[in-house]
Structures are given as C-alpha cells and as structure tokens.
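We're numbering straight along the sequence, starting at 1. All values below were derived from every heavy atom in this structure, side-chain atoms included, with hydrogens, water molecules and symmetry-related copies excluded.
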Amino acid sequence: MNVALLFAGGIGSRMNSRALPKQFLEVHGKPVIIHTLQHFEAHPEIDAIAIAILPEYREHMMKLLTRYEIQKVKWVIDGGKTGQQSRHNALRTVAAECPEDTVVLVHDGVRPLIDAKLISSNISTVLEHGSAITCTKFNETVVSSEHDHIDDVIPRDHIYAAQAPQSFRLGEILSLYDRAVEEGEHDSIDSCSLMHRYGRKIYRVVGPRSNIKITTAEDFYLCRTYFEILENQQIVGL
C-alpha cells in the first residue's frame with residue numbers, strides 16, 4: 001500500500017489569522033488543506049490518506065471532506081501538542097491496519113502546491129532505496145553565524161532545503177518515532193531529522209521550488225501567486 005499521511009495540527013501562530021488555523025484558510029476558492037488533499041486523492045498510486053488534525057476542528061474537517069468528495073481519507077486522527085506527536089499518532093494509527101512495508105508519504109497539510117510527479121518520485125524512490133526526502137536546491141549564499149558576526153561562508157553547491165513529502169517504509173519510520181519517545185524526545189523537527197539521528201541512509205528527491213509551506217502571511221500571498229500562475233497557464237495552454 002501507499003498511504004499519504006498529512007499532518008495539519010498547527011494553530012498557525014505565525015500566520016496571525018484571527019479566524020481559522022492556516023490549513024483552513026481559503027485560497028482560490030478552497031481551503032488550503034483541500035488543495036493539498038486533492039493532489040493525493042487524484043493520484044492513482046495513493047491507496048489511502050490519514051490526517052492528523054486539531055481535535056477541536058475534527059467536525060469542521062469531516063464536513064470539508066464530504067463537501068469536496070474526498071474519498072481516500074481513511075483515518076482522521078487527533079494531533080498532539082507537537083508536530084512529532086501528531087506524526088507519531090498518525091503512524092501508529094495507520095500501522096494498526098497496514099503492513100510494515102507500506103510506503104508512507106509524510107506531508108504538510110499546508111503544502112498545497114505538491115504535484116503528481118513529486119508524489120510518484122517519492123513512491124518510486126522508497127521502493128528502490130527505502131526512503132525519500134523531497135529537497136530543493138538552495139540558491140542563496142549560506143553563512144554560519146552564532147552571534148552578530150558571520151563565522152563562515154559555506155559553499156552552496158551541495159546545499160539543499162529539506163521539504164515534504166518525506167517518505168519511508170511504515171515499519172522503519174514508526175520504530176524510530178517509538179525510539180525517540182523512549183529516549184525523551186517529543187519535539188523533533190521532522191522525520192528526516194530522526195532518520196539521520198539514528199544513522200539511517202536517506203535519499204534525496206528533487207522537488208519544485210513552488211512546493212512551499214504556508215507558515216506566514218507572506219507565504220500565503222506567495223502561494224496565491226503560484227495558483228494564479230497555474231491558472232493562467234491553463235488558460236493559455238502552456
């Protein structure tokens with residue numbers, strides 16, 4: 001099986017949204033989370049979807065799934081206090097019903113500009129190598145700075161930004177989340193970090209620069225611009 005695991009348990013504190021968490025804000029007529037879900041819903045290789053969500057927005061999420069006819073969502077799971085806890089909750093729920101060799105694509109609910117090619121590349125890379133971390137080339141100058149001054153300028157030729165999906169075999173990644181909790185870690189940055197910490201080999205999948213995560217208001221406006229570009233491309237047939 002191939003299962004998409006979307007976590008959308010954040011409250012959007014950096015967004016300064018006064019109404020809804022960022023995953024429920026509308027862009028181009030639909031909530032951000034629905035745009036994200038529809039990519040996985042439409043992909044022929046995705047068998048099921050799990051969503052980790054804020055418990056108080058479960059009912060709202062269920063209404064959206066019905067309204068937009070999202071059929072592949074099999075699990076809606078209460079998120080935890082941290083991103084790690086939300087991902088862990090979802091992994092354990094999926095593992096209760098799916099075999100260990102299931103491919104899981106761990107993705108941010110607020111990355112709505114993912115595309116079918118990137119989903120396929122993640123799946124094929126896991127099947128070949130056992131892991132797949134979506135990355136984009138870093139084009140800015142990279143510096144190291146512990147205080148006010150710059151300590152070092154780092155060559156950027158081999159520097160990438162890790163994004164999502166981050167994809168693995170279910171049994172392996174769940175075992176690392178279990179181990180992290182046993183060792184007292186409850187707030188790791190992402191699955192890639194855990195894989196690296198425990199010495200597992202992780203493989204890169206190069207994704208488009210448009211695959212942004214909506215974290216701030218600036219990200220939201222940038223995302224809206226990308227949607228307008230895609231819409232215009234459809235109109236002119238590019």
Trainee: Atom CG of D187 and atom CD of Q85: how far apart are they, to the nearest 0.5 Å?
Mentor: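 So the gap between those two atoms works out to 7.5 Å.
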Trainee: NE2 of H28: more than 12 outside heavy atoms within 6.0 angstrom?
Mentor: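 Correct, the count exceeds 12.
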Trainee: Donor-acceptor pair, distance only, cut-off 3.5 Å: does the side chain of K117 make one with the backbone of G207?
Mentor: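 Looks like no, no N/O pair under 3.5 Å.
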Trainee: Is a side-chain donor or acceptor of D108 paired with a backbone partner of R111 at a separation under 3.5 angstrom?
Mentor: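 No: the side chain of D108 does not pair with the backbone of R111.
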Trainee: Between L37 and I49, does a side chain to side chain contact (heavy atoms under 4.5 Å, CB included) hold up when you go through it step by step?
Mentor: CA-CA 8 Å; L37 278 165; I49 302 171; 3.8 Å; yes
Trainee: Ion pair present between E97 and K74, side-chain N to carboxylate O less than 4.0 angstrom?
Mentor: yes
Trainee: Taking atom types as modelled and ignoring hydrogens, do the side chains of S167 and H107 form a donor-acceptor contact shorter than 3.5 angstrom?
Mentor: no
Trainee: Are Y221 and I214 grouped together when hydrophobic residues (ILVMFWY) are joined by side-chain heavy atoms under 4.5 angstrom apart?
Mentor: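 In one cluster with Y221: I214, yes.
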Trainee: Taking T125 for its side chain and N122 for its backbone only, find out whether a donor-acceptor pair lies under 3.5 Å.
Mentor: no
Trainee: Do N89 and S86 pair up side chain to side chain, a donor and an acceptor below 3.5 Å, judged on atom types alone?
Mentor: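 Side chains of N89 and S86: no pair found under 3.5 Å.
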Trainee: When you measure from the side chain of D151 to the backbone N and O of E146, does any donor-acceptor pair fall under 3.5 Å?
Mentor: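 A pair under 3.5 Å: yes.
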Trainee: Do the charged groups of K213 and D219 touch, with an N to O distance under 4.0 Å?
Mentor: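 No, K213 and D219 are not salt-bridged.
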Trainee: Would you say the side chains of T136 and N211 form a donor-acceptor pair under 3.5 Å?
Mentor: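 N211 and T136 do not have a side-chain donor-acceptor pair below 3.5 Å.
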Trainee: Measuring from I33:CD1 to H60:NE2, what's the distance to the nearest 0.5 Å?
Mentor: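 I33 CD1 to H60 NE2: 10.5 Å, rounded to 0.5 Å.
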Trainee: For the pair I51 and I77, evaluate side chain to side chain contact (heavy atoms under 4.5 Å, CB included) and give the outcome as yes or no after the intermediate values.
Mentor: CA-CA 6 Å; I51 307 174; I77 302 122; over 6 Å; no
Trainee: Quick one about E218 and T216 (side-chain donor to acceptor, distance below 3.5 Å, no hydrogens or angles considered), yes or no?
Mentor: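 Judged by distance alone, the side chains do pair up.
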Trainee: Same cluster or not: V104 versus Y198, using hydrophobic residues (I, L, V, M, F, W, Y) connected whenever any side-chain heavy atoms lie under 4.5 Å apart?
Mentor: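 Yes: a chain of side-chain contacts under 4.5 Å links V104 to Y198.
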Trainee: Please determine, by modelled atom types, if Q84 and S188 share a side-chain donor-acceptor pair under 3.5 angstrom.
Mentor: yes
Trainee: If you apply the rule side chain to side chain contact (heavy atoms under 4.5 Å, CB included), what do you find for L25 with F220, and how did you get there?
Mentor: CA-CA 9 Å; L25 296 178; F220 181 82; 4.1 Å; yes
Trainee: Hey, which of I46, N2, L5 is the one that makes side-chain contact (heavy atoms from CB on, under 4.5 Å) with F40?
Mentor: I46
Trainee: Same cluster for I70 and M62 if Ile/Leu/Val/Met/Phe/Trp/Tyr side chains link at under 4.5 Å?
Mentor: yes
Trainee: Do NZ/NE/NH1/NH2 and the carboxylate oxygens of K63 and E59 come within less than 4.0 Å?
Mentor: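 Result for this pair is yes, salt bridge flagged.
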Trainee: Can you name the one residue among Q166, R169, M195, E172 that meets side-chain contact (heavy atoms from CB on, under 4.5 Å) with S131?
Mentor: M195
Trainee: Kindly work out whether a path of hydrophobic side-chain contacts (I/L/V/M/F/W/Y, heavy atoms less than 4.5 Å apart) joins Y160 to I212.
Mentor: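 As far as the 4.5 Å side-chain criterion goes, I212 and Y160 are not connected within one cluster.
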Trainee: Using 0.5 Å steps for rounding, measure from the CD atom of E41 to the OH atom of Y68.
Mentor: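 So the gap between those two atoms works out to 14.0 Å.
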Trainee: Test of understanding: clusters of I, L, V, M, F, W, Y form through side-chain heavy atoms closer than 4.5 Å, transitively. Do L105 and L127 belong to the same one?
Mentor: yes
Trainee: Is the count of non-hydrogen atoms from other residues, nucleotides or ligands lying under 6.0 Å from E228 atom CD greater than 12?
Mentor: yes
Trainee: Could R87 and F7 be counted as a cation-pi pair, given that NZ or CZ must be under 6.0 Å from the ring centre and within 45° of the axis?
Mentor: yes
Trainee: So does R204 have more than 12 non-hydrogen atoms from other groups sitting under 6.0 Å from CZ?
Mentor: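 For R204, atom CZ is not crowded (no more than 12 foreign heavy atoms under 6.0 Å).
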Trainee: For the pair F227 and H35, name the ring-plane relationship: parallel under 30°, tilted 30 to 60°, perpendicular over 60°.
Mentor: tilted
Trainee: Run V142 and V153 through side chain to side chain contact (heavy atoms under 4.5 Å, CB included) and show every step you take.
Mentor: CA-CA 6 Å; V142 183; V153 177; over 6 Å; no
Trainee: Whether the Y177 and S191 side chains hold a donor-acceptor pair (N or O, under 3.5 Å, no angle test) is what I'd like checked.
Mentor: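 On atom types as modelled, these side chains qualify, holding a pair under 3.5 Å.
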